[in-house]
Amino acid sequence: MSTDTSTPFSFFPSGPARTSNYSLWSVLTLSGDKMNVFWEIWLSILIWMLISYTFVHLMAGVLSLIMLRRHSWMPFLTMPFLVMFLVGPVTLGAITSATIALTYTTASSVIACWLCAVYGVTQTIAVLLVSFSHLLATL
């Protein structure tokens, strides 16, 4: 008869609760501490993707408003830009940010705030490259 003394797998850590110095302001100003918790990494990358993605799509929306100012259907033609600046980060950004955060968390690695900004902006650039190259239409 063998006795198994190993502890069962749990999503919740055992032991004392961890206090965090995480704040969104420190992520936005790139002055925060290094992070190793999934939710902190995920939210940091997602925030930076949201900022860069929103900037790009709002600029495209403003450009389309200016170029189509005399067109009768102008409000309807600019709506996709205004809708996409929310849909993209919420769907694609959340999934890819979670994948990157899970990779760092699983490897027990720490990540700096500036690297979260690089990952967020890189995700936006990747979406723009795929959009402009029309690779999606061939899949």
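Every value quoted in this text rests on a predicted model; they were computed, and no experiment measured them.
- For Ser26 (side chain) and Ser23 (main-chain N/O), a donor-acceptor pair under 3.5 Å exists by modelled atom type.
- Judged by distance alone, the side chains of Thr96 and Thr99 never bring a donor and an acceptor atom under 3.5 Å apart.
- With a 4.5 Å cut-off on side-chain heavy atoms, Trp48 and Thr122 do not count as touching.
- Here the straight-line distance linking atom OG of Ser44 with atom CH2 of Trp39 works out to 13.0 Å at 0.5 Å rounding.
- If you chain together hydrophobic residues whose side chains sit under 4.5 Å apart, Leu58 and Met67 never meet in one group.
- When side chains are defined from C-beta on, Val127 counts as touching Leu92, because their heavy atoms get closer than 4.5 Å.
- Here the side chains of Val90 and Tyr53 are not in contact, with every heavy-atom distance at 4.5 Å or above.
- Between the CE atom in Met35 and the CH2 atom in Trp42 there is a gap of 13.5 Å [rounded to 0.5 Å].
- Side chains of Leu102 and Ile41 form no contact here, defined as non-hydrogen atoms less than 4.5 Å apart.
- Under the 4.5 Å side-chain heavy-atom criterion for ILVMFWY residues, no single connected hydrophobic cluster contains both Leu63 and Val56.
- Counting only heavy atoms from C-beta outward, the side chains of Trp25 and Thr29 approach each other to under 4.5 Å.
- To the nearest 0.5 angstrom, Ile100 atom CD1 is 4.5 Å from Ile45 atom CD1.
- Closest of all the heavy-atom pairs between Lys34 and Ala112 is CG-CA, 4.3 Å.
- No continuous path of hydrophobic side-chain contacts links Val87 to Leu50 [ILVMFWY only; heavy atoms under 4.5 Å].
- Under the 4.5 Å side-chain contact rule for hydrophobic residues, Val62 and Leu128 do not share a cluster.
- A distance of 4.0 Å separates CD1 in Ile111 from SG in Cys116, rounded to the nearest 0.5 Å.
- One finds the OH atom of Tyr119 at 15.0 Å from the CE atom of Met49 (value rounded to the nearest 0.5 Å).
- Classification of the His71-Trp73 ring pair by plane angle, with boundaries at 30° and 60°, yields perpendicular.
- Two different hydrophobic clusters hold Val37 and Val110 under the rule that ILVMFWY side chains link at heavy-atom gaps under 4.5 Å.
- We find the SG-CD1 distance between Cys113 and Ile47 to be 12.0 Å, quoted to the nearest 0.5 Å.
- In terms of heavy atoms, Ser52 sits closest to Val121 at OG-CA, 3.9 Å.
- Surrounding CZ of Phe38 are more than 12 heavy atoms belonging to other residues, nucleotides or ligands, all under 6.0 Å away.
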